[in-house]
Amino acid sequence: MKKKSVSVLLCISMIAVMLAGCGNSAAAPEAAPAEKTETAVEATADTAEATEETAASAESRTIKILSMWPEDDAATTANGSIITAMCEQYKAEVDPNFTWEFEYVDSDNLKTKVQTLAASDDLPDIFAYDAGTPLVDLIDADLVLDVTKALTDEGVYDKLDNGATTYLAALTGTEDIYDLPLGLNIEGFWYNKALFEQAGIKEAPATWDEMLADADKLLAAGIQPFATGAGDSWPATRLIHAYAIRSMGKDCMQAAADGTEAYNSAGFVEAAQTIQDMNQKGYFGVGATTVDQNTAADMVLAGEAAMIYNGSWYTSALNADTNPAGADGIGFFNIPTVAGGKGAATEYAMNCGTILCMNKSSYDDTMAAFLKYFVSNVGDYSMNNFGALKGYVIENYPADMSNYTKLVAEEMEKVTGSANWFEALMNGELSTIAQENVQSLMNGDMTAQEYCDAMQECYEATR
């Protein structure tokens, strides 16, 4: 990629200071961890030995870590706890001289902090950052490590989940990846098995037409087919996106962001019309645009609605002892294909949350040895201690892994392509327009054409 002057980042950071605290509400919440297990995970003999040899040949130094997760956040994402645990394990198992400095910055100020450090050429060795467009500026300025090359050189690139690498590369539009995942979610439809059986539905639908036919069967049986948290707006735009990537292809949002596909083209209008029609047929129940996502998710667990579009972060509620559907009462199916559409059944809408990057200029033998250990062990550690998939290959699953966690892991293995969420590539103004108008679209106060025209007009005015 063509390098940009670091001074550009300084300008960006100045702007970011004025805009600090603003964010994209479209981003889905990151999965909360399942209950902690007591299974201990050790590095494999080969990995430990190889990493120890690398560490022994390196002169140890203190590495600096900038995190948006506290060091002890086991009750939430567990990412800070996981990073700390990897440092502690590495010190105990590989290099007793290894030391680190952990600095926490809240998520609202993370982007400003990183951009300021980048402008002064003072990035920490490892730092959290936003995936996608923000990271591209750092890649273009040649400030972040080529992770693909680094891990390939260390012989551990295969420790990353294929779905994660595919998704991260798609976010930056690069062949290589320049960041590490610390959370990876797939999105799709979750359904109440008992309600499907009650309506005489024997298996999950594979096509959109089959899903709508199932919705008619559910209505006939007196069951609300879908719950959707349209009161929060983003769950409704996720449904538009789901149809669009199946009819237009997984890259349709990238094409719209690039200007090669208009937001008011026939494909997007059809997607918006489809969601409006579903609401007007009663598939989402009464007052769908007033229900928040948490309430909608609880409705499916409680048997008050049959299906919901949600991400794999839903497993935190599914794994809870309070789940009225039980340990196997909820199933999952990926976004159904659309007749004549370009999307494939093995392509998934995905979300990775915030990622980890490495400072290219400070990358040395100490960092290489730690990075190798990290990617070789973090997958098993996260799964066995928090029941969480973080975007790494799992080699030792816990014996007591829940059915829901196992289900997500199996779906991850099917990923051959990925798509961002609806607003992922939109600027703030366009994202606001998409979300503010979606309730009017669903309620019929705005036509599908008008909804899409509003997005295209905003895109042209703010691009």
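Quantities reported herein were computed from a predicted structural model and do not represent experimental measurements.
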What orientation do Phe374 and Tyr392 show, parallel under 30°, tilted 30 to 60°, or perpendicular over 60°?
perpendicular
Is there a donor-acceptor pair under 3.5 Å between the side chain of Thr337 and the backbone N or O of Thr207?
no
Can Ser440 and Asn437 be said to form a side chain to side chain donor-acceptor pair (under 3.5 Å), step by step?
CA-CA 5 Å; Ser440 295; Asn437 289 336; 5.3 Å; no
The test is salt bridge (Lys or Arg N to Asp or Glu O under 4.0 Å); show your working for Asp251 and Lys342 and say whether it passes.
CA-CA 10 Å; Asp251 298 325; Lys342 299 178 181 179; over 6 Å; no
Ignoring hydrogens and geometry, is there a side-chain-to-backbone donor-acceptor pair from Asp73 to Ser81 under 3.5 Å?
yes
Are the side chain of Asn334 and the backbone of Ala345 linked by a donor-acceptor contact shorter than 3.5 Å?
yes
Can you tell me if Tyr451 uses its side chain to pair, donor with acceptor, with the backbone of Val269 under 3.5 Å?
no
Please report the C-alpha distance between Leu430 and Tyr263 in whole Å, then the side-chain angles of each, then the deciding distance to 0.1 Å, and finally whether the side-chain contact (heavy atoms from CB on, under 4.5 Å) criterion is met.
CA-CA 10 Å; Leu430 181 53; Tyr263 284 101; 3.6 Å; yes
Which heavy atom of Trp190 sits nearest a heavy atom of Gly311, and at what distance?
NE1-O, 3.7 Å
Where the side chain of Thr166 meets the backbone of Gly163, is there a donor-acceptor pair that is under 3.5 Å apart?
no
Value rounded to 0.5 Å, distance of CD1 in Ile83 from CH2 in Trp69:
5.5 Å
Look at Lys281 together with Asp216 and state whether they make a salt bridge at an N to O cut-off of under 4.0 Å.
no
Assess the residue pair Lys217 and Asp214 against the criterion (side-chain contact (heavy atoms from CB on, under 4.5 Å)); give the C-alpha distance rounded to whole Å, side-chain angles, the decisive distance to 0.1 Å, and a yes or no.
CA-CA 5 Å; Lys217 293 178 183 178; Asp214 288 342; 4.1 Å; yes
Give, for atom CG of Asn443 and atom OG1 of Thr289, the distance between the pair rounded to the nearest 0.5 Å.
4.0 Å
Tell me whether the rings of Tyr243 and Trp208 are parallel (<30°), tilted (30 to 60°) or perpendicular (>60°).
perpendicular
Less than 4.5 Å apart, any side-chain heavy atom of Tyr314 and any of Leu301?
yes
Looking at Ile186, is its backbone amide N or carbonyl O close enough to the side chain of Ser312 to form a donor-acceptor pair, meaning the two atoms are under 3.5 Å apart?
yes
For Val438 and Phe422, run side-chain contact (heavy atoms from CB on, under 4.5 Å): C-alpha distance rounded to whole Å, both residues' side-chain angles, the deciding distance at 0.1 Å, then the answer.
CA-CA 12 Å; Val438 74; Phe422 195 58; over 6 Å; no
Is there side-chain contact between Met383 and Leu389, with heavy atoms separated by less than 4.5 Å?
yes
Is there a donor-acceptor pair under 3.5 Å between the side chain of Asn192 and the backbone N or O of Val300?
yes
Exercise: identify the closest heavy-atom pair between Ile245 and Cys252:
CG2-SG, 3.9 Å
Please confirm whether the backbone N or O of Met68 pairs with a side-chain atom of Ser107, one donor and one acceptor, at under 3.5 Å?
no
Working note: Gln456 + Phe268, criterion side-chain contact (heavy atoms from CB on, under 4.5 Å); need CA distance, chi angles, decisive distance, verdict.
CA-CA 11 Å; Gln456 182 62 23; Phe268 284 119; over 6 Å; no
Whether the Thr405 and Ser402 side chains hold a donor-acceptor pair (N or O, under 3.5 Å, no angle test) is what I'd like checked.
yes
Please report the shortest heavy-atom distance between Phe196 and Ala306, naming the atom on each side.
CE1-CB, 4.2 Å
Would you tell me whether Asp277 and Gln273 have side-chain atoms, one donor and one acceptor, within less than 3.5 Å of each other?
yes
Heavy-atom distance under 4.5 Å between the side chains of Asn79 and Lys390, does that happen here?
yes
Which pair of heavy atoms, one from Gln435 and one from Ser233, lies closest together, and at what distance?
O-OG, 3.3 Å
Check whether Asp380 reaches the backbone of Glu395 with its side chain - one donor and one acceptor, N or O, closer than 3.5 Å.
yes
Considering residues at least two apart in sequence or located in another chain, which fulfil the salt bridge (Lys or Arg N to Asp or Glu O under 4.0 Å) criterion with Lys250?
none
In terms of side-chain heavy atoms, does Thr237 have a donor or acceptor partner in Glu423 at a distance below 3.5 Å?
yes
From Tyr157 atom OH to Leu151 atom CG, the distance as rounded to the nearest 0.5 Å:
8.0 Å
Within the structure provided, determine whether Asn323 and Tyr404 are in side-chain contact (heavy-atom separation under 4.5 Å).
yes
Taking every heavy atom of Val156 against every heavy atom of Ser376, the minimum-distance pair comes out as CG1-OG, 3.6 Å
Heavy-atom side-chain proximity of Cys357 to Ile355 below 4.5 angstrom
yes
Between atom CE of Met426 and atom CZ of Arg463, what is the distance when rounded to the nearest 0.5 Å?
14.0 Å
Hey, does Tyr283 have a side-chain heavy atom less than 4.5 Å from the side chain of Thr228?
no
Side chains of Met350 and Met412: does their closest heavy-atom pair fall under 4.5 Å?
yes
Once the angle between the rings of Tyr348 and Phe332 is folded into 0 to 90°, is it parallel (under 30°), tilted (30 to 60°) or perpendicular (over 60°)?
parallel
Side chains of Leu180 and Met358, heavy atoms from C-beta outward: is any pair under 4.5 Å?
yes
Note: Met442 and Gln276 closest approach over all heavy atoms is O-CG, 4.2 Å
Between the side chains of Glu187 and Tyr309, is a donor N or O closer than 3.5 angstrom to an acceptor N or O?
yes
Supply the atom-to-atom distance Ser431 OG to Glu436 CD, rounded to the nearest 0.5 angstrom.
9.5 Å
Without swapping roles, check the side chain of Gln293 against the backbone of Gly229 for a donor-acceptor pair under 3.5 Å.
yes
Distance in Å, Ile394 CD1 paired with Lys159 NZ, rounded so as to fall on 0.5 Å steps
11.0 Å
With a 3.5 Å cut-off and no angle check, do the side chains of Thr112 and Asn109 form a donor-acceptor pair?
no
